[in-house]
Amino acid sequence: MTSMTVNDAISAALAEEMRRDPTVLMFGEGTATKRRDLLDEFGPARVRNTPLAEGILAGTAAGAAATGLRPVVDLLFAPFLCYAMDEIVNSAGKLRAISGGQFSFPMVVMAMTGAGWGVGAQHNHNLEAWFVHAPGLKVVMPSNAADFKGLLKAAIRDDNPVLFFTDIALGYAEGEVPDGELVVPLGKAAVRREGADVTLVSYAKTVNHCLDAAGRLAEQGIEAEVVDLRTLKPLDEDTILASVRKTGRLVVVHEASRLCGVGAEIAALVSEKAFRSLRAPVLRLTGPDAPAPASYPLEQAFVPQAGAIAEAAAGLVRGA
Amino acid sequence: MTSMTVNDAISAALAEEMRRDPTVLMFGEGTATKRRDLLDEFGPARVRNTPLAEGILAGTAAGAAATGLRPVVDLLFAPFLCYAMDEIVNSAGKLRAISGGQFSFPMVVMAMTGAGWGVGAQHNHNLEAWFVHAPGLKVVMPSNAADFKGLLKAAIRDDNPVLFFTDIALGYAEGEVPDGELVVPLGKAAVRREGADVTLVSYAKTVNHCLDAAGRLAEQGIEAEVVDLRTLKPLDEDTILASVRKTGRLVVVHEASRLCGVGAEIAALVSEKAFRSLRAPVLRLTGPDAPAPASYPLEQAFVPQAGAIAEAAAGLVRGA
Amino acid sequence: MSNHHRGVEALERMMLIRAYEETLVDLHGRGRAAGTCTSVGQEAAAVGVVSALGPDDQILTNHRSAGHLLARGADPRRMLAEVTGKADGYCKGMSGSLHIAAKELGVILTSTIVGGELALATGVGLSRSMLGGDGIVTCFFGDGAACEGRFQESLNLAAVWNLPVLYVCENNQWQAFVHRKETTLADGVTAQAAALGVAAATVDGNDVEAVHAAAATAVETVRRTRRPYLLEARTYRLRGHFEPDDQSYVDPAELAHWRDRDPILLQRARLERDGLLSADEVLRMEGAVRRTMDEAVAFAEASPYPGFDQITAAVYA
Amino acid sequence: MSNHHRGVEALERMMLIRAYEETLVDLHGRGRAAGTCTSVGQEAAAVGVVSALGPDDQILTNHRSAGHLLARGADPRRMLAEVTGKADGYCKGMSGSLHIAAKELGVILTSTIVGGELALATGVGLSRSMLGGDGIVTCFFGDGAACEGRFQESLNLAAVWNLPVLYVCENNQWQAFVHRKETTLADGVTAQAAALGVAAATVDGNDVEAVHAAAATAVETVRRTRRPYLLEARTYRLRGHFEPDDQSYVDPAELAHWRDRDPILLQRARLERDGLLSADEVLRMEGAVRRTMDEAVAFAEASPYPGFDQITAAVYA
Ligand SMILES: Cc1ncc(C[n+]2csc(CCOP(=O)(O)OP(=O)(O)O)c2C)c(N)n1
Ligand SMILES: Cc1ncc(C[n+]2csc(CCOP(=O)(O)OP(=O)(O)O)c2C)c(N)n1
Ligand SMILES: [Mg+2]
Ligand SMILES: [Mg+2]
């Protein structure tokens, strides 16, 4: 085990995969400037700065992916993906099926999002649900350094377009990362804490808020199980359902907007497939239907915090 | 009452609103060519053809809306909105809140989608859930001629950006439209058929499939209530919840993909707020997680049909 | 190959494309195929450019792709099967008429999103530039696509990254139901290319031999310099945008002018004038083309629809 | 107004902008403000252009907006309050530093999406063209924004629809952490404008009087012709992209060259050389600017945070 930050875990994953596979390359607005280590090791053909134009970057990634390369494209912040939706959704996500399977698109689109930097809603917008909704894409949003490393490596090796979101507040979070080859398979959730009374499902930084809440709940004698989704698509239905079948209670927590978010999907899944096990209403704690504010205290208030999570879960258990 | 097609109802709404309010204008790729009647009546400044560039069209609509006009922009087919996501989501949807309320964006974005034309997944992709998920936007998707007219008029009068989706299969569907001024308020669902045993919630053309299914269910002695959402955002939670509290059973039906779709939102809503009333799992019948095929029989199979809806609902009622 | 032979071959290929499109219009009229965007009137651009490519070169095209595919040697039987949504189509019936790709021919990543081809072409060019070989990428797009910002973005990236992409703008004066003159003040698209550092040339897109010559120069330049190049072919869409289309919005005088410049008529007249084409040979070609299309129709009609499992079969790799 | 007076006023305004940015950097360094994109080095472009506008003209700007706002007469107190997320900010603290709009000053629809200003400007121009009056719209954007396809789309639409938009490209050689020379082969952006039928000119963006003169011509042209015009101001970003930024990726020689061309130094030297500025006057201005900023800091610090209800208060109209 080595302790490293999430940012370092990402760098390590990129370097290892570029070393392993000469068809992996990376580009973005400032990639070569900011990833000087990669540039030095792999050279300017494989580590590129680009013009400022997200659409063509994503399109270039898709075209390259279909013809022999495995591009990683860094689009910086999630809202900037709005310029690249056609290339990601209409091309990378659909042209495999439309062509009857003639092409595949092994590419990774990276972007940051989430509260913590005070830069407002045009840099901070949790859009992961859009890509879960669209066909042909996979979506990853890890919560800790080891998963950042292992899931990014898996994403680069996957033959489908993978959206890889970094919750910006986690960038400097330290975590223990196993030494040696670490590939965390896409589509597998992790149970971060076991408990029999209520299930807290989350992803990205709010996993930590859930763990914090679980600690507070334990003080009240309530045992919460915390499920970290890690991959939002494909969703690990089995892990979610198994937990809810055990606890009978579910709170889904995320920072993204409530309406048609990942939490909606999980609540719907559970209310179909674990209905008979449910002992209480399914709750969602999410960001509001509002652009993220820049002002620090408001930005914090935007994100579901441990206190609210604990309160909601305790309410469910006590039958409030 | 006058019988007219959905396309005619749309035209009537546009003409009436342009007559009523000189700040209403309309533009799009072919708008002036295809809406010759509007061009003749309102002239080339208010009815415009455009270059082929969805992003700038949506941006132009947003900029104009914030400064005194009420634009209606026709972006043709829903997947083309992928080129305009920044302008719709990051600008029109957010700049009001970001600016502390200094601007409003009274604009309508029109697009067609849905099975029925055999043109494949780059013209046919039901993306409405994306706009429900994003803040600051409203979303309308009517099922019949009268609503097309009344909701479009309401959308044009609304001071927020409204996405107005036309299910292409409905274009030539005839319906009775009340004579005189008809404004259908945004945010109000309609109960199309009453019933006590199971609630079918739907929107756009699948409302008709639900009504058809309800007819079949009635033959089996099952009374289905059919709720037509009409507006997807704001969602008429009261009507949905009232129906489910009465029937205790819910099937949500739409053509869009299942994952993080509007059906997920409704299932989640109900499993939180009508949990104690639910007598059976909440079911969703939706399009698959796949691009829409062009081939006619496959395109039809993609959409939830009356038989499957009736079967699912009957299963719920019989406790299968 | 002799000029005679090439000129006649080009004519026959253009006749095949025309016959294919007319067959499709007819099938559509009889309710047996979905609507389509025909390339009638633009055959010379397709045949002139594609005949200048080598076997390793790749092609990206758009919604108006039949000419490019057939010029590249696509099997009309599999094309018709695709357009009618059948399992033997190039894309197993999953594409329909608007995004046919045939990887085996190097016709790849066809997108009906206008501008999609421009966004993907740079990536294919990047693969060509990084994975070796002397193949180049040809990207066909319309004058309408050139209005999308991706045009600028694609050319700029190809220029600054030295990508071997031949951009071919088929400027057919129309962008669906809007005449080009309503959409831009620019006379053509070459000045924009030049402003971004991309070499560019314009050619009479209805003269198949002129197109071939200009394309040969362009292809040679891209192959040698490994840099982008833009060729603008001035042509005209003789039929409507998407079948059926009564063209009521088209200026009859303009249409008549361009009908007189029908690329098939022009090439036939040139060959006849130069004594390179006999009436018999024309008859032979007409017969051959007709037989090919009859066979294609029979093939497509006999082909089964794909099974429902095909809907989800190829979504994920 | 005499040239003397205008020249001194321009200098003082540039000094205010510089002081504002330096105050903000200092606040950030002390953990009291979020990061920011400063306009240090680009004051002449802001002041030169904005001083050429009339009271009814509107301005769209971007992430690097402090110069434009202050040149337009924005209150530094409310700007600092906004950047520190306080309720008395121009946007009630909802914007932070990256998208400050001040409708009362005609500085509207500020977007930190690079290219956002270009996409919105045509709409504002459309309102100006349809709702009467002789106001024009000025759209400030960077050389990076000109790499986004919206640049082409916006200019093309403004040209074909005759929209009264003055596009001002502040070509500061940098696009965040990437030098302009890595992103395009084009020397500047005027050739693209010309290719789309938009009149264009280039000016030394560090010479405030030259910018003012060029902008006056541009504004007059747009006001009279009701057509778009592009002015490219060649300048340089003297600090990093977003505070803090050690500029380790910047060529020191290039930076030194442009530091010598600091627009404030240039203007001061010119005024002194021409005998239009005394040492006393400089001292007076420095003092005034310092007092203004001290007051602004005090105001911003005293301003309360917005209530939590503000998060959802202005989402819907
Ligand atoms: C992004 C997008 N916008 C609009 C359309 C609808 N559409 C299909 S073809 C077409 C016209 C394209 O014009 P051009 O690029 O000149 O090609 P042409 O049809 O003339 O060959 C339009 C508007 C589309 N398919 N994609
Ligand atoms: C669409 C988008 N992409 C990327 C960014 C991140 N970003 C902010 S400013 C900037 C550089 C912009 O360069 P330019 O337009 O030249 O303006 P400058 O910062 O030089 O004033 C970048 C890449 C963004 N805000 N929006
Ligand atoms: Mg065209
Ligand atoms: Mg710049």
Please report the C-alpha distance between D/Leu109 and B/Phe105 in whole Å, then the side-chain angles of each, then the deciding distance to 0.1 Å, and finally whether the side chain to side chain contact (heavy atoms under 4.5 Å, CB included) criterion is met. CA-CA 11 Å; D/Leu109 299 176; B/Phe105 296 87; 3.7 Å; yes
Under the side-chain contact (heavy atoms from CB on, under 4.5 Å) test, residues paired with B/Ala64 that sit two or more places apart: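 With neighbours one apart ignored, the set is B/Leu69, B/Pro71, D/Leu126, D/Ser127.
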Taking D/Tyr90's backbone N and O only, do any of them form a donor-acceptor pair with B/Gln102's side chain (distance below 3.5 Å, no angle check)?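 Side chain of B/Gln102 to backbone of D/Tyr90: a pair is present.
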Short side-chain to backbone donor-acceptor contact, B/Asn160 and D/Ala317, under 3.5 Å: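 Yes; judged by distance alone, with no hydrogens or angles, the pair exists.
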More than 12 heavy atoms from other groups under 6.0 Å of NZ on B/Lys188: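 Open.
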B/Arg36 atom CZ: more than 12 heavy-atom contacts under 6.0 Å: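 Atom CZ in B/Arg36 is not packed in, count stays at 12 or less.
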Atom of [X], atom of [Y] and distance for their closest heavy-atom approach:
X: B/Phe103; Y: D/Ala101; answer: CE1-CB, 3.7 Å
X: D/Val315; Y: B/Ala97; answer: CA-CB, 4.1 Å
X: D/Leu131; Y: B/Thr67; answer: CD1-O, 3.5 Å
X: B/Lys233; Y: D/Tyr316; answer: CE-OH, 3.0 Å

Most heavy-atom pairs under 4.5 angstrom with chain D, which of B/Arg96, B/Arg46, B/Lys94?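 Among the listed options, the one with the most contacts to chain D is B/Arg96.
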Between B/Ser99, B/Ala53, B/Ser91, the one whose heavy-atom pairs under 4.5 Å with chain D are most numerous: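 Heavy-atom pairs under 4.5 Å are most numerous for B/Ser99.
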At what distance, to the nearest 0.5 angstrom, does [atom1] of [X] lie from [atom2] of [Y]?
X: B/Phe27; Y: D/Trp161; atom1: CZ; atom2: CH2; answer: 5.0 Å
X: D/Glu153; Y: B/Glu54; atom1: CD; atom2: CD; answer: 8.0 Å
X: B/Glu87; Y: D/Ser111; atom1: CD; atom2: OG; answer: 9.0 Å
X: D/Met130; Y: B/Thr23; atom1: CE; atom2: OG1; answer: 9.0 Å

With side chain to side chain contact (heavy atoms under 4.5 Å, CB included) as the test, would you mind laying out the steps for B/Ile98 and D/His99 before giving the verdict? CA-CA 7 Å; B/Ile98 286 178; D/His99 0 52; 3.6 Å; yes
Please classify the contact between B/Leu25 and chain D as side chain, backbone, both or neither, with a heavy-atom cut-off of under 4.5 Å.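 Looking at B/Leu25, just its side chain touches chain D.
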Side chain from CB out, backbone as N, CA, C, O: work out which of these in D/Thr312 comes under 4.5 Å of a heavy atom of chain B, or both, or neither.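 Neither part.
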Atom group of D/Gln58 that falls short of 4.5 Å from chain B, counting heavy atoms: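 Interface part for D/Gln58: side chain.
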Quick one: which of D/Glu104, D/Glu82, D/Arg128, D/Lys92 has the most heavy-atom pairs under 4.5 Å with chain B, could you say?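 Maximum pair count with chain B is reached by D/Lys92.
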Among D/Ile113, D/Ile100, D/Asn156, residue most engaged with chain B (heavy-atom pairs, under 4.5 Å):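 Most pairs with chain B among the choices: D/Ile113.
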Let me know which of D/Ile108, D/Thr110, D/Leu120 forms a side chain to side chain contact (heavy atoms under 4.5 Å, CB included) with B/Leu95.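 Running side chain to side chain contact (heavy atoms under 4.5 Å, CB included) over D/Ile108, D/Thr110, D/Leu120 with B/Leu95 returns exactly one hit, D/Leu120.
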Side chain to side chain donor-acceptor pair (under 3.5 Å) against B/Thr50, all qualifying residues, sequence neighbours excluded: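 Result, side chain to side chain donor-acceptor pair (under 3.5 Å) vs B/Thr50: none returned.
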